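For reference, the structure is listed below as C-alpha cells.
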Number of protein chains: 2
Amino acid sequence: MTTPEPERDESEFLARYDPRDYDPVSVTVDVVALTIRDGALHVLLVRRGGPPYEGMWALPGGFVHAGGQAGADAEDLPDAAVRELAEETGLSAKGGVIGRVHLEQLGTYGAPGRDPRMRVISVAYLAFAPELPDPEAGGDAADAAWVPVGALGLTESAAQRPGTTRRLAFDHARILSDGLERARGKLEYTPLATAFCGGEFTIPELRSVYEAVWGEELHAGNFHRKVLSVPGFVESTGETSDRGGRRGGPRPRLYRPGDARLLHPALLRPSREEQIR
Amino acid sequence: MTTPEPERDESEFLARYDPRDYDPVSVTVDVVALTIRDGALHVLLVRRGGPPYEGMWALPGGFVHAGGQAGADAEDLPDAAVRELAEETGLSAKGGVIGRVHLEQLGTYGAPGRDPRMRVISVAYLAFAPELPDPEAGGDAADAAWVPVGALGLTESAAQRPGTTRRLAFDHARILSDGLERARGKLEYTPLATAFCGGEFTIPELRSVYEAVWGEELHAGNFHRKVLSVPGFVESTGETSDRGGRRGGPRPRLYRPGDARLLHPALLRPSREEQIR
DNA sequence: AAAATAGTGTCTCTGAGACAGTATGAG
DNA sequence: CTCATACTGTCTCAGAGACACTATTTT
C-alpha cells in the first residue's frame, strides 16, 4: 500500500494486474426497472434460485458478455442492460414495448466483498417503463415479479421492523435506494415522467406518476397549469379520454410527450426543505 | 442471441461467463480532476509514456486492485480513485490537501473497442480540488500537468480546427466532457463550488469559480446577495481579506463553507434556454 | 341528487435580474 | 485623483402555491 518508491510500485502494480494473466474481475449489469401499477411505484425483482442469497429477492441482472480475447461477442453496457431486462420480462429487446423504456446508467458498485464468491463490479442501470405485463421467471430465477416499492420498507431506514422488510440480496437495497432517489430527482427537471405513461396520457395520469414516485399528493389545479406552462413538456392530441375521473368529473384531455429534454422552469417537489443539510 | 428456449440460453450463458475460468475483463479507474488556476478551469492530465496512444494526453487512472482469489489487496473503487489521484499529483492520500478534495463517481464507460488491447471497463470519478501544486510525472507517465480546459477545444465540438484540438487518448474526451457537464450542473444545486476554494474565501472568489466553470460572467451584486440568501451555503468568519480587489475596491469579507448539502433555492445558470430541447 | 374531478381565474409572496448608488482601496 | 471593486437598495417581472369557482361526469 504505502511504498517509498512510487516508480517501482507502479511498474510492479502494472505487471501484477495485467488482466490477461491474472486477477479476474467480473462485471455484471443490474437493472432498477421502475413502473407504475395501480397508482403505486413498483420495481422488477427476481427471486434467486441458487446460492448465494438463495430464495431472496434481487434486482435482475447478469454478467456482461465480455467477448473473450477475440472480442467476438462483446456487448456494450447499455445493450447488456436491455438484454437482461428483456430476458426477465419475456419481452423482445428490439422494437415493441421495450423500445419505449427509458434507460440510463445509475452508478457502479464495486466494494470488495459485495459478492461473497469473488470480486464483482456491478454497473447499475435505471429504467422507467410504462405498465408492462407480469414477468416470467426464466433461467436460474425462481420467481420474477413487479413488487411495490413501499412493501420493501426502504424509505425509513430506521423504522424497519425486521420482519416487515423484505431484504434484498447483495447490496441491491442500496442500489434500489439510489435508483429511487435518482428517479425522484429526474422527475423534477426532466420530462421523464411521461416514460411511465403510454403513448398518450392525461394530466391527472401524469400527476399520479409524480405522486407515486415522490410519495406525496400534489395540488391538482396548480399541477395542471404548471405542466401546460412548461414549454415542450406535453403536446395536446386534440382528443379527450373516453372516461371521466374514477369517481366522476369531466373527461380529461389527452396529451403526448413533447420535445423538451429539460423542464424549464423545473417542477420542484414540495418537501425538500428537510433534506437540504 | 435470439433462442426459442430462454432457460437453456440462460444456463448456457452462466456456464460460459463464469469469470473464474474464462473471459477476463479489466477494470480501471479514471479521474477527471478539476481545479481553478488563474481564474480558469484546469484538468489534470498525464502524457502517456507507452502504447497505445503513446505521447497523447489522457486522464490519470489505472487498474483497480482486484485482490485475486484471496481478495487480500482488494480496494474499493473510491479508494482506487484517491490512490490514482495521489500518485499522479505526488500528494499523500491520507490527510493533507487531498483530504479536502471532493470526489464523486461520474460514470462507467465500457464500450467494446474503447481500449484496443482488450476489454476494459473504466469507472470514471470526478474530483473538485482547490489549487494544488504542479504534479510530478510518475510511473509510466511521460508528463503530468494541469491543463486549461479551454485549450482542449471541447466546448464547440463542431468548430474544432484539427490542429487546435489536443486530442485525448481512448474515450477520455467524452469522459472529460461528461465531467464538465456534471460539474456545471453540480454548481447549480450544491455548494460544491466551495470545494474549489481553500478553507476560507471571499464572495468574489466564489463568483470567479462559477464564472470559470460556467464560462460566463455573472452579475457581481446579484450573485453576492444570492449567495448570502441561501441558507447554509457560506458562513461568515468575521474577518476580512487583507487585500482589496485586484484593481481596487474595499477589502472583501471572508467566509467558510456552510453546512448545507443542497442549495435552496438553486443558483441556476443564466444561459440554459438553448439547451432545453 | 350527491360527490368527485377537470380545468381556469385570481391573489399573494418569494425570488431573479436589471439598475443605481455608496463606500473603500489600488495604482 | 481616477477607477475598479464590494456591497446594498430598489424596482419589475416571472413563477409557485393557496384558494375559489364552474362545468362535467360517475355513482
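Per chain, numbering begins at 1; letters A, B, ... match sequence-line order. Just so it is clear, the values below take in all heavy atoms, side chains as well, and ignore hydrogens, waters and symmetry mates. If you're wondering where the values come from, they're calculated on a predicted model, not measured in any experiment.
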Atom CG of B/L263 and atom P of C/dG15 are separated, to the nearest Å, by 14 Å

Residues, nucleotides or ligands: over 12 heavy atoms within 6.0 Å of A/R246 CZ: no

Tell me: NE2 of A/H224 to P of D/dA18, nearest whole Å? 18 Å

Can you check the B/Y255 OH to D/dA6 P distance for me, whole Å? 12 Å

Closest non-hydrogen atom pair between A/T237 and A/R256, with its separation: CG2-NH1, 3.7 Å

With distance as the sole criterion, is a donor-acceptor pair present between the side chains of A/Y109 and A/D178 under 3.5 Å? yes

From CZ of B/F223 across to C1' of C/dG17 the rounded distance in Å is 15 Å

Check: D/dG15 base within 3.5 Å donor-acceptor of A/R225 side chain: no

Residue B/N222, side-chain heavy atoms: nucleotide from C/dA26, D/dA18, C/dC19 that is nearest: C/dC19

A/R247 side chain near C/dT5 phosphate (N/O to OP1/OP2, under 4.0 Å): yes

Counting distance only, does the side-chain N/O of A/R182 pair as donor-acceptor with the main-chain N or O of A/L106 below 3.5 Å? yes

Atom CZ of B/R246 and atom C1' of D/dC3: how far apart are they, to the nearest Å? 14 Å

When rounded to whole Å, the CZ to C1' distance for the pair B/R207 and D/dA6 reads 9 Å

B/L218 CG - D/dT5 P separation (whole Å): 14 Å

Under 3.5 Å, which protein N or O atoms sit close to an N or O of nucleotides 20-24 of chain C? Give each pair with its distance.
from, atom 1, to, atom 2, distance (Å)
C/dT24, O2, B/P250, N, 3.3

Check the pair B/R269 / B/E217 against salt bridge (Lys or Arg N to Asp or Glu O under 4.0 Å), numbers first and verdict last. CA-CA 10 Å; B/R269 357 175 197 176; B/E217 291 198 347; over 6 Å; no

Between A/F201 (CZ) and C/dA6 (P), how many Å, whole number? 15 Å

Among A/L59, A/D30, A/V29, exactly one meets side chain to side chain contact (heavy atoms under 4.5 Å, CB included) together with A/S122. Which residue is that? A/D30

Walking DNA chain C from its 5' end, the first of A/G244 and B/S229 to be reached, judged by nearest nucleotide, is A/G244

Answer yes or no: does a side-chain N or O of A/R269 lie under 4.0 Å from OP1 or OP2 of D/dG17? no

State, to 0.1 Å, how close B/L85 and B/A127 come at their nearest heavy-atom pair, and which atoms those are. CD2-CB, 4.2 Å

